[in-house]
Student: 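Have a look at this one before I ask anything.
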Amino acid sequence: MTLTLYNTLSRDKEEFVPIDPDRVTMYVCGPTVYSYAHIGNARPAVVFDVLVRLLRHQWPRVIFARNITDIDDKINAAAAEQGVDIGEITAKFEKIYLEDMASLGVAPPDIDPHATDHIPEMIAMMERLIEEGHAYAAEGHVLFNVPSYSDYGQLSKRDQEGLLAGARVEVAPYKKDASDFVLWKPSTSDLPGWDSPWGRGRPGWHLECSCMIEKHLGRTIDIHGGGVDLVFPHHENEIAQSTCAHGGETFVRYWLHNGFVNVDNEKMSKSIGNVLLVHELLKQAPGEAIRLALLNAHYRQPLDWTDRGLAQAKRMLDRLYGALRTLGDIDTDPDAVPSAEFLAALNDDLNTPKALATLFDLARQANTASDVGEKSHIKGALLTSADLMGLLQHSADDWFAGGNGEHDGIDAEEIERLIEARHNAKADKDYAEADRIRDELASRDIFLEDGPDGTKWRRT
RNA sequence: GGCCCGGUGGGAGAGAGGCUAUCCAGCGGAUUGCAAAUCCGUGUACAGCGGUUCGAAUCCGCUCCGGGCCUCCA
C-alpha cells in the first residue's frame with residue numbers, strides 16, 4: 001500500500017519512497033531534559049510513534065533515532081539554581097521523560113543519541129564548515145555564515161531579506177551577517193564546557209542534530225520530524241549545516257511537522273500557568289486515553305486540549321474495550337492483519353481520526369456478529385489494527401478495572417464477593433437486596449453489567 | 001510588515017465537486033427483574049457574500065473572525 005506524507009519542504013502530500021527500502025531512516029527531535037514533560041512534548045512523541053509502527057509494518061527494517069538534548073542554557077540555569085551538576089538534572093528528567101512516554105505507549109527509539117556524547121563530532125563538523133567557507137570563528141564563537149548557503153530558507157519559505165526585516169534580536173557585533181547563527185559559544189568557568197580549537201565552550205542548539213544524524217543514520221535520511229515551531233530556525237539551520245558539510249548532498253527527503261497543542265484555546269506557557277504535565281494528567285486518566293486524545297485530531301492540525309476532550313477519549317476507549325469484552329474468550333484469528341480500511345487511512349498522511357472511525361466500525365461488527373469464525377476474524381482485525389496506533393494494549397477486564405487512573409479502596413476480590421452475594425440474592429428473587437448491593441458498589445464507582453456470561457463490572 | 005495555517009451539527013473531528021464519516025452528549029425504541037452494555041432509529045452542520053458548474057462544505061474571488069512562526073519553544 002502506498003504511504004503518502006505531507007512534506008513541509010514541498011507543502012504537499014507526496015508518495016513516500018525510501019532511498020533504501022531495506023533500511024528506512026527516521027529522526028525526530030527529542031526533548032531538552034530540564035523539567036517534566038508536558039502534553040505538548042507528548043504530541044510529537046506519540047504521533048511519530050504511530051508513524052514508526054506503520055513504517056515497521058510495511059518495511060522490513062526501520063531505524064528510528066530520537067535525541068536527548070542534555071546541554072542547553074535552560075539546563076544550565078536549572079543546575080545553577082539547584083546547585084547541582086547538569087548531569088543530575090538531565091539524568092533525572094530523561095528518566096522521567098521516558099517513563100511518561102512509556103505510560104502513553106510510546107516505544108523507545110532504536111537509538112537515543114545524547115548531545116554531550118557527540119562533542120568531537122560537532123567539532124569535526126565545524127572544522128569542515130570553516131574549511132569550506134560556510135562558518136567562521138569570532139571571539140570564541142563559531143558561527144554559520146547564512147549568506148554562504150544560497151538555498152537558505154527553503155524549508156520555512158523565507159528569503160534572507162525577510163529574515164533581516166523580521167530580526168527582533170540585537171545583532172551581536174562579532175557576526176558577519178545579522179542572520180548568522182551560533183554553532184559554538186564560549187563558556188565561562190562557572191558554565192559547563194568542553195575544550196575546542198576555539199577555546200573552552202559549549203555547542204549551540206542546532207548542530208547536535210546534524211552531527212547525530214550523520215553519525216547514526218547517514219548523510220541523507222528519509223524522514224525528519226518535530227513540532228511546527230522547529231521549522232524555523234532549528235530545522236532550517238540543520239539543513240544549512242548538513243548540506244554545506246556534505247558538499248550539497250540532500251539531507252532529509254521528507255520533513256514532517258506536528259501541530260501545536262493549546263490548552264483551553266490558549267498557548268501553553270509558564271506565565272499563564274497552564275502547562276499541563278504528563279505525569280499530572282496520568283492521575284486524571286489512563287495513559288492510553290491521553291494517547292487517544294492526542295490521536296483524535298490529525299497530527300498537522302492544532303489540538304485544543306480540554307478536560308472534556310480527555311474524558312471523551314476515555315469513553316471512546318470504553319466503547320472499543322467494550323467490544324473486546326463482548327468478544328470474550330473468542331480466539332483471535334492467528335492470521336489476523338489490520339483491516340484494509342484502517343491501513344488506507346493511516347497511509348493517507350497518518351489520518352488517525354479516519355483510522356479511528358474504522359476501528360469503531362469493527363467494534364460495531366464485533367457487537368453484532370454471531371458466527372464464531374466471524375468474531376475471531378473481527379477480533380484479530382481490531383487488535384492488529386489498534387496495535388498500529390498503540391491502542392487496546394490492555395485486556396478488557398484490566399481496562400474496566402482501572403477506571404480513570406488513580407482510584408481508592410475497593411479491590412477486585414471484594415467486588416467479586418459482593419457480585420456473588422448479589423447473584424445469590426437474585427436467585428432468591430430478593431431484588432431489594434440485589435439492588436442494595438448494586439447501589440453500594442455504585443457509590444464506590446463500581447458499575448455492574450449483567451450479561452449472559454455472568455456479571456461484569458467496570459470502575460469509573 | 002513577511003511567511004503559513006484554520007473557521008464543519010450541542011461538543012470533538014474526518015472529508016475536499018454529486019455517495020450515511022465516526023465518536024461523545026441528547027432524544028425515541030428494542031433488550032433488561034431494575035440497570036448497564038449493546039442494537040435500531042433520530043439531529044434543517046459546513047463563517048459570510050459573490051462567482052465557476054447540470055451540481056459547491058469541497059474550486060475561484062472578496063469580506064469577517066481565530067491561530068502559528070519570524071533566531072528560547074514540541
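We name chains A, B, ... by the order of the sequence lines, and we start the count at 1 in each one.
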Student: Are the charged groups of Arg422(A) and Asp450(A) less than 4.0 angstrom apart, N to O?
Tutor: yes
Student: Answer with yes or no whether the side chains of Asp349(A) and Thr4(A) bring together a donor and an acceptor at under 3.5 Å.
Tutor: no
Student: Mind checking if Phe447(A) touches a base, just sugar-phosphate, or nothing, with heavy atoms under 4.0 Å?
Tutor: nothing
Student: On a whole-Å scale, what distance lies between the C1' atoms belonging to rC49(B) and rA56(B)?
Tutor: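 That atom pair is separated by 15 Å.
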Student: Any donor and acceptor pair, going by atom type alone, linking the side chain of Asp348(A) with main-chain N or O of Ala344(A) inside 3.5 Å?
Tutor: no
Student: Within the structure shown, what part of the strands sits under 4.0 Å from Arg43(A) by heavy-atom distance: base, sugar-phosphate, or nothing?
Tutor: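 Nothing, no nucleic acid heavy atom in range.
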Student: Please report the distance, rounded to the nearest Å, between CZ in Phe181(A) and P in rC70(B).
Tutor: 15 Å
Student: Taking only the P atom of each, what is the distance from rA16(B) to rC4(B) in whole angstrom?
Tutor: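 Taking atom P in both rA16(B) and rC4(B), they lie 22 Å apart.
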Student: Would you classify Asp72(A) as touching base, sugar-phosphate or nothing, given that sugar-phosphate means primed atoms plus P, OP1 and OP2, and contacts are heavy atoms under 4.0 Å?
Tutor: nothing
Student: Between rG11(B), rA74(B), rU38(B), which nucleotide has the shortest distance from any of its atoms to the side chain of Asn367(A)?
Tutor: rU38(B)
Student: Name the residue closer to the 5' end of RNA chain B, choosing between Gly309(A) and Tyr431(A) according to the nucleotide with the nearest heavy atom.
Tutor: Gly309(A)
Student: Taking the six-membered ring of Tyr136(A), is the NZ or CZ of Lys176(A) close enough (under 6.0 Å from the centre) and on axis enough (within 45°)?
Tutor: yes
Student: May I ask you to check whether over 12 heavy atoms, not counting those of His216(A), lie within 6.0 Å of atom NE2?
Tutor: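 Enclosed: over 12 neighbouring heavy atoms sit under 6.0 Å from NE2 of His216(A).
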Student: Return the nearest nucleotide to the side chain of Asn296(A); candidates are rA37(B), rA12(B), rC24(B).
Tutor: rA12(B)
Student: Pick the C1' atom in rA30(B) and in rU44(B), then give their distance to the nearest Å.
Tutor: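 About 28 Å, rounded to a whole number of Å.
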Student: Just call it for Asp435(A): base, sugar-phosphate, or nothing, with non-hydrogen atoms closer than 4.0 Å on any strand.
Tutor: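 Base contact.
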Student: Name the closest nucleotide to the Leu303(A) side chain, picking from rC23(B), rC4(B), rG13(B).
Tutor: rG13(B)
Student: Counting side-chain heavy atoms from C-beta on, which of rA14(B), rA37(B), rA74(B) comes nearest to Ala297(A)?
Tutor: rA14(B)
Student: With heavy atoms under 4.0 Å as the rule, sort Leu356(A) into base, sugar-phosphate or nothing.
Tutor: nothing
Student: His257(A) near the nucleic acid: base, sugar-phosphate alone, or nothing, with a heavy-atom cut-off under 4.0 Å?
Tutor: nothing
Student: Test your reading of the model: is there a side-chain donor-acceptor pair from Asn424(A) to the backbone of Ala421(A), 3.5 Å cut-off?
Tutor: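 Judged by distance alone, no pair lies under 3.5 Å.
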Student: Give the rounded distance in Å between these two atoms: CZ of Arg66(A) and P of rA74(B).
Tutor: 13 Å
Student: Please work out if Lys426(A) contacts a base, only the sugar-phosphate, or nothing of the nucleic acid, heavy-atom cut-off 4.0 Å.
Tutor: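 Base: the residue Lys426(A), judged by heavy atoms under 4.0 Å, touches a nucleobase.
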Student: Roughly how many Å is it from NZ in Lys13(A) to C1' in rG15(B), rounded to a whole number?
Tutor: 10 Å
Student: Which nucleotide, in any strand shown, forms a Watson-Crick or G-U wobble pair with rC3(B), with both distances under 3.5 Å?
Tutor: rG68(B)
Student: Side chain of Arg438(A), base of rC34(B): donor and acceptor closer than 3.5 Å?
Tutor: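 Between rC34(B) and Arg438(A), which were checked side chain against base, a qualifying N/O pair under 3.5 Å is present.
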Student: In whole angstrom, give me the gap between the P atoms of rU63(B) and rG2(B).
Tutor: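 Their P atoms lie roughly 14 Å apart.
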Student: Does Lys456(A) reach a base, just sugar-phosphate, or nothing at all? Heavy atoms under 4.0 Å.
Tutor: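 Since no nucleic acid heavy atom lies under 4.0 Å of Lys456(A), the category is nothing.
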Student: Rounding to the closest angstrom, what is the interatomic distance between rC23(B) and rG43(B) at atom P?
Tutor: 15 Å
Student: Side-chain donor-acceptor pair under 3.5 Å between Tyr174(A) and His141(A), yes or no?
Tutor: yes
Student: Is NZ or CZ of Lys13(A) both nearer than 6.0 Å to the six-membered ring centre of Tyr6(A) and within 45° of the ring axis?
Tutor: no
Student: State the pairing partner of rU32(B); accept Watson-Crick or G-U wobble contacts with both distances under 3.5 Å, and report none otherwise.
Tutor: none
Student: Can you tell me the distance, in whole Å, between the CG atom of Leu346(A) and the P atom of rA14(B)?
Tutor: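 Whole-Å distance recorded here is 14 Å.
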Student: Does a nitrogen or oxygen in the side chain of Lys267(A) sit under 4.0 Å from OP1 or OP2 of rC69(B)?
Tutor: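 Checking rC69(B) against Lys267(A), a side-chain N or O does come within under 4.0 Å of OP1 or OP2.
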Student: What's the gap between rA47(B) and rG66(B) when it is taken at their C1' atoms, as a whole Å value?
Tutor: 11 Å
Student: Given rA12(B), rC39(B), rA74(B), which nucleotide is nearest the side-chain atoms of Thr32(A)?
Tutor: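 So the nucleotide nearest the side chain must be rA74(B).
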Student: With a 3.5 Å limit on both atom pairs, tell me what rA74(B) is paired to, counting Watson-Crick and G-U wobble, or say none.
Tutor: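 Pair assignment: rA74(B) / none.
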Student: Touch check for Val182(A), heavy atoms < 4.0 angstrom, all strands: base, sugar-phosphate only, or nothing?
Tutor: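 The residue Val182(A) makes no contact with any strand.
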Student: Return the nucleotide paired to rU53(B): Watson-Crick means purine N1 to pyrimidine N3 with N6-O4 or O6-N4, wobble means G-U with N1-O2 and O6-N3, both under 3.5 Å.
Tutor: none
Student: If you measure from the Lys or Arg side-chain nitrogens to the Asp or Glu carboxylate oxygens, is any gap between Arg291(A) and Asp49(A) under 4.0 Å?
Tutor: yes
Student: Please tell me if Arg315(A) has a side-chain N or O lying less than 4.0 Å from either OP1 or OP2 of rA25(B).
Tutor: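 Yes, within the criterion.
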Student: Closest to the Ser179(A) side chain: rC3(B), rA74(B), rU71(B)?
Tutor: rU71(B)
Student: Could you give the CG-to-P distance, from Leu392(A) to rC23(B), as a whole number of Å?
Tutor: 15 Å
Student: Arg319(A) has a side chain; which of rA35(B), rU38(B), rU71(B) sits nearest to it?
Tutor: rU38(B)
Student: By the 4.0 Å heavy-atom rule, please label Arg325(A) as base, sugar-phosphate, or nothing.
Tutor: nothing
Student: Have a look at Arg300(A) and say if it touches a base, only the backbone sugar-phosphate, or nothing, with a 4.0 Å heavy-atom cut-off.
Tutor: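 No contact.
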Student: What is the distance from CG of Leu281(A) to P of rA74(B), rounded to the nearest Å?
Tutor: 17 Å
Student: Of the nucleotides rA74(B), rC24(B), rG33(B), which has the atom closest to the Val261(A) side chain?
Tutor: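 When the side chain of Val261(A) is considered, rA74(B) is the closest of rA74(B), rC24(B), rG33(B).
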Student: Identify whether any heavy atom of Leu230(A) sits under 4.0 Å from a base atom; if not, whether one sits that close to sugar-phosphate; answer base, sugar-phosphate or nothing.
Tutor: sugar-phosphate
Student: Take atom CG of Asp100(A) and atom C1' of rA74(B), then tell me their distance rounded to the nearest Å.
Tutor: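 Checked: the CG to C1' distance equals 14 Å.
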Student: Could you tell me how far apart Tyr34(A) (OH) and rC72(B) (C1') are, to the nearest whole angstrom?
Tutor: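 It works out to 8 Å between those atoms.
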Student: Describe the nucleic acid contact of Arg422(A) in one word from base, sugar-phosphate, nothing, applying a heavy-atom distance below 4.0 Å.
Tutor: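 Contact class for Arg422(A): base.
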Student: Let's see if you can work this out: which of rC4(B), rC40(B), rC69(B) has an atom nearest to the side-chain heavy atoms of Arg364(A)?
Tutor: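 Given the options rC4(B), rC40(B), rC69(B), the side chain of Arg364(A) is closest to rC40(B).
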Student: Contact class for Gln301(A) (heavy atom, under 4.0 Å): base, sugar-phosphate, or nothing?
Tutor: sugar-phosphate
Student: What integer number of Å spans the C1' atoms of rG7(B) and rC46(B)?
Tutor: 10 Å
Student: Are OP1 or OP2 of rG67(B) and a side-chain N or O of Asn262(A) less than 4.0 angstrom apart?
Tutor: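 Answer no for this pair, as no side-chain N or O of Asn262(A) is under 4.0 Å from OP1 or OP2.
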Student: If you assign each of Tyr299(A) and Ala363(A) to its closest nucleotide in RNA chain B, which residue comes earlier from the 5' end?
Tutor: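 Whichever sits nearer the 5' end wins; that is Tyr299(A).
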Student: Given that both distances must come in under 3.5 Å, which nucleotide forms a Watson-Crick or G-U wobble pair with rA16(B)?
Tutor: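 The answer is none; no pair meets the criterion.
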Student: For rG41(B), which nucleotide in any strand shown is its Watson-Crick or wobble partner with both distances under 3.5 Å?
Tutor: rC27(B)
Student: Given rC24(B), rC69(B), rG11(B), identify the nucleotide with an atom nearest to the side chain of Met316(A).
Tutor: rC24(B)
Student: Any strand is fair game: report the nucleotide pairing with rU58(B) by Watson-Crick or G-U wobble, both distances under 3.5 Å, or none.
Tutor: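 Pairing partner, where one exists within any strand: none, as none qualifies.
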Student: Distance check, rounded to the nearest 0.5 Å: Phe93(A) atom CZ versus Ile68(A) atom CD1?
Tutor: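 It comes to 13.0 Å.
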